[in-house]
Amino acid sequence: MTVPWLSVAVAVPLLGAALAALLPARLTAAPRLIALGCAAVSALAVAATWVRFDGGQGMQLVEEVEWIPALDVAWRLGVDGMSLAMAALTVVLFAVTIAYGVGPRPMTRAAAALLLLLEAACLAFFLAQDFILFYVAFDLTLVAMYFLIALWGEANRRYAALKFFLYTLIGSLPVLLGIIALYLTSEPNTFDMTVLAADPAVRGAGTGATLIWLAFFVGFAIKTPIVPFHTWLPAAHVEAPTAGSVLLAGVLLKLGTYGLVRVNLQMLPDAFARYALPVALLGLVSVVFGALVALAQRDLKRLVAYTSINHMGYVVIGVAAAAAAGGASRAGELAVDGAVFQMVAHGVVTAALFFLAGFIASRAGTRDLDELSGLMRPMPVYGTLAALAFFASLGLPGLAQFPGELQIFLGAFAVWPAVAALAVLGLVVSAALFLRALQRAFLGEPAERWARLPDLHARELVALVPLMVLTVALGVYPPLVLDLIDSTAWLAGAGP
Amino acid sequence: MSATTLAWLALALPLAGAIVTALGFRFWRGRAAGYVGTAALFGSFACAIGAFFALQGEPAEGRQLVSALWDYAATAGLDAQLSILVDPLSILMLLVVTGVSALIHLYAVAYMGGDRGYTRFFSYLNFFVFSMVLLVLAGNFLVLIIGWAFVGAASYLLISFWYRRATATAAGIKAFVINVLGDVGLVLGAYFLFRGTGTLDFLTTFERAPEVFAENDGELVAGCILLLVGAFAKSAQVPLHTWLPDAMEGPTPVSALIHAATMVTAGVYLIARMHPLFELAPTAGTVGAIIGCATLLIAATTAMAQTDLKRVIAYSTMSQIGYMVMAVSAGAYVAGLFHLVTHAFFKALLFMAAGSVIAAMAGNQNMDRMGGFRRAMPFTFGCFVIGGLALAGVPPFSGFFSKDEILAYTAERGGIFLVLVLVGYVAAFLTAVYTFRMIFRTFLGEPVPEARELEQGHLHHPEHPTNPASGEIEDTEVGFPGPEHHVAEQSPTMKVAMGTLALLAIVGGFLQIPKVTHLLDDFLEPTFADSIYFEALSPSDAATFVGLGLGALIALAGIATAWLVWVREPGTPAKVRERLRPAYALFVNKWWFDELIGTVIVRPARWLGSFALTAFERLFVQGTLVGGTSGIVRAGSAAVRAAQSGFLRFYVALFLGGMVALTIWFLLQA
């Protein structure tokens, strides 16, 4: 009997969440152990899937259990290169986050339950091959993240959590409408995403197709976020606890761009091709705007949040270039390969950056770059890892974000040279802003009150070191993940 | 072993050195890390020599070997492997880079001996050499871009090495940001070429370029000019040069290695490497030559008015690289590369000698405070004079032959290039003047107290170390220069390194004595065999001898002028300054490039950032545009609160209700 590894990966954290919530309160160590155990099992299940994955195109290892046969709704999970890459990113980030905990304090039952629920929802989203499951998972992530921010966040957490919730809820409603529309237009009616991707039911770019495309786009654009739908992001990040920020930037933002590829690109290729240039321009605005605003920030976490907008802008440009060129063309394939690689790389690097911001805030009580100074001296390990993460984030070759950006730009340059050239210039601003942050907080003379700050302790290193190792590994040997991503069949009938 | 295997080894050893020194940073005692790092470099140099002989063993037409490690980002048929190209040009660069680096490492073993960041220094320095070797061995644009960026990052780390000094970290940022701008130029240039040729591989690009691009094709010219932007940023050519003088905040071995002998010559190497493209796009070549010429003049005049010893040498570096850029852009490839080699010898030597003086001054770099070190530091003085004679172009020192070859070969292009050569001769005079101004002011005249102390055999150490740039008091812990300094006179390893370079600075020019030897020509021929200029540019006998005589005269006249002004009549500089006030203001303020860039680029960017933040982000997006959604947020939350149902319960109810309604609707439909 073959083990349904994908279902295991999703179900174990879900059951773990229930178990953690029902535990008696006096078992104080148990929530953390349960969370760690479930995250480990989930990671193993994804690893097992990777081993069994044959590198071919299309969906494979599909696990299907009927749910509402009349509507062709089913528990359908399956993987292709992109799904597997995102699932792998998810289990890694959840494992290190759970190892670290929600914040400096020990993990409570509620925290363990919410983290596991969030993990199950994210994995279900990336693995789902059924639109109803996809949608339920999309909304569940919202609920879990809302509570993570609202319960463990900082002073203004309620406002930020609500803003996050309403924004993304507003975003998820059009997605639901789009799903229904796709269901109704497919013949025979189906929620099966493999069927809809393999043979897009909606062709052309008429009014109907445009409206459906737009519904999905708005939903995913808010999640990504693309300027001007981004204002929830800095607020949410600043108020979220460290674990919340890490998962929000590392995994949740990718829900938006994953949807953009999976639905807008694969299921509505003609409509996307028509609106590719405006989308790329929005991506370019995100790149430039995110970098410039980040340059003007004093709060380290806010700075990283805005650079996320900048980096997700590169992903959007890549996906749009693929839509314009067609995923089957060489430029298109390069651009979307790079975009998905960048999603993984950005997840790893930005998670590390948010950890770093959290670590300093828990010691110094501030993340203000103008107040902090000379941290390299009392905290050399922290300073060195931060410098490495900063360099990775500004796109230094040999570190994780370089290969993806290279491919995105090579692809996009073939389609719109001007857009790509302007986006590349954003790298100069990124370089300036990260080095300025490094100089202000880490170099120079430490103020008296920072001179005795302790360096990183074991629990923090456990969270950070795997991410830094991945950052270097992805930059030195990108085929590690790139081969997987490249095996994805971006467009129906199109091979790599 | 094959040439490519040896080249990979030459690349791997500095990387291994960097990693080993870094990993053992808690464990290395004394100068162990320095010796490990230096040994790695000498090993790398040995491999380079081995690769040289292995390559010479191949038939001439087979001296272009490509070797790849693994696919880097090779999807969609992109040929993005980690591959190196071993040919005479890359081996020449490899020899210079590893050879000079090995000597500078040897020098630094003693020179940096007192620094608390000793291990970190050698780790960075090894990493730099790895990056530079990667750059020169690159077999495609991917590896070139990686090496190019690594070199910039290593330079940042080393300029900011004394990371508690505000002046050093600011200089590091400036250097890195300008270098990233250059990276962007290089990357975009590569994209332009890739758009046409569909390949990243150098040899394939050169092969396909004539088929894809017509002569002076717009896209090709754009691509080449963008490559030039990358070259200008790395090689400190105007207007992207302002980082180089500031980079003198780094420790002196860094200045010698990175900002004289290796990194800053990357642009020259790039143009020579891309010569098939530049020959297809002659417009771009002309642009390069003009910028190189402008740089050599601007830098030479600026050097006349500076008082910081290392900055004078830095401007001189800029100026000399201007000659090289002009030469390779004009098609005088061997001449430019010849000067690259001799310059690496004598400029590294000058920096080492300057470092020795600066150590005797306890870190102070200001020439106004120096004087009379001749007797206290005879070895340093000798080395400085040899380096100075080579730089000034006095026969038979190395710089004489290489500079002469540049001017003679560039003049062969005729037309506008004759004007450029004329400027080159004017700047050659200035070069001799500022070089000997430096020597006379530092070593002749009344000995300063530090020189007197050293004459007694005692190296001056101030009670409170201060930052020479800002005057702030510093400690001697990690992050600042160490408590003790080292001069060549008291350190055998420094003497060995400097002595070797002095010898090379004297005899290096014999590689290419006009009409007598042509070792470089012969060696590099396989690389440039396809060039339209390689054979065509050859000055007549008469032109050659006129050029040689003129060059020698100009150099001697410059030295004589310097002697008159700074030794014979020490009051003259003040009078000249008075008489030529506007010119002096221009030179002492470095042609106001810093102010120009600050006004035109840096401040607008910062302003744009705060505008985007305050006006756009706060007012427009959050206020006007998203005011609506914020309103919805408020209304929604009010409604929820009014419902007294608790937000989540409300949502879950809504969600479940919606699902149920949908299900019913679908069931009815079905």
Is the distance between the ring centroids of Phe434(A) and Phe176(B) under 6.0 Å?
no
Side-chain donor-acceptor pairs under 3.5 Å in residues 413-427 of chain A, sequence neighbours left out?
none

Close side-chain approach of Trp162(B) to Leu443(A), heavy-atom, < 4.5 Å:
no
Would you say that Phe402(A) contacts Leu142(B) through its side chain, given a criterion of any heavy-atom pair below 4.5 Å between the two side chains?
yes
Sequence neighbours excluded, which residues qualify as salt bridge (Lys or Arg N to Asp or Glu O under 4.0 Å) partners of Arg195(B)?
Glu219(B)
What part of Ala149(B) lies closer than 4.5 angstrom to a heavy atom of chain A: side chain, backbone, both or neither?
both
Min side-chain heavy-atom separation Trp70(B)-Val476(A) under 4.5 Å
yes
How far does CG of Asp483(A) sit from CG of Asp71(B), to the nearest 0.5 angstrom?
8.0 Å
Can you measure from CD (Gln407(A)) to CG (Leu78(B)) and round to the nearest 0.5 angstrom?
6.5 Å
Turns out that what part of Phe391(A) lies under 4.5 Å from chain B's heavy atoms comes down to side chain
Selection from Val73(A), Leu334(A), Val288(A), Leu295(A) maximising heavy-atom pairs under 4.5 Å formed with chain B:
Leu334(A)
Between Tyr191(B), Phe150(B), Tyr163(B), which has the largest tally of heavy atom pairs under 4.5 Å with chain A?
Tyr191(B)
Heavy-atom pairs under 4.5 Å with chain A are the metric here; pick the option from Leu82(B), Thr169(B), Val177(B) that has the most.
Thr169(B)
Which answer fits Ala190(B), side chain, backbone, both or neither, if we ask what part of it has an atom under 4.5 Å from a heavy atom of chain A?
neither
Is the shortest heavy-atom distance from the side chain of Leu410(A) to the side chain of Phe194(B) under 4.5 Å?
yes
Go through the atoms of Ile485(A) and report whether side chain, backbone, both or neither lie under 4.5 Å from a heavy atom of chain B.
neither
Structural part of Ile145(B) lying under 4.5 Å from a heavy atom of chain A:
both
Can you tell which part of Leu406(A) gets under 4.5 Å to a heavy atom of chain B, answering side chain, backbone, both or neither?
both
Between Pro478(A) and Tyr72(B), which heavy-atom pair has the shortest distance, and what is it?
CG-O, 3.2 Å
Structural part of Tyr156(B) lying under 4.5 Å from a heavy atom of chain A:
side chain
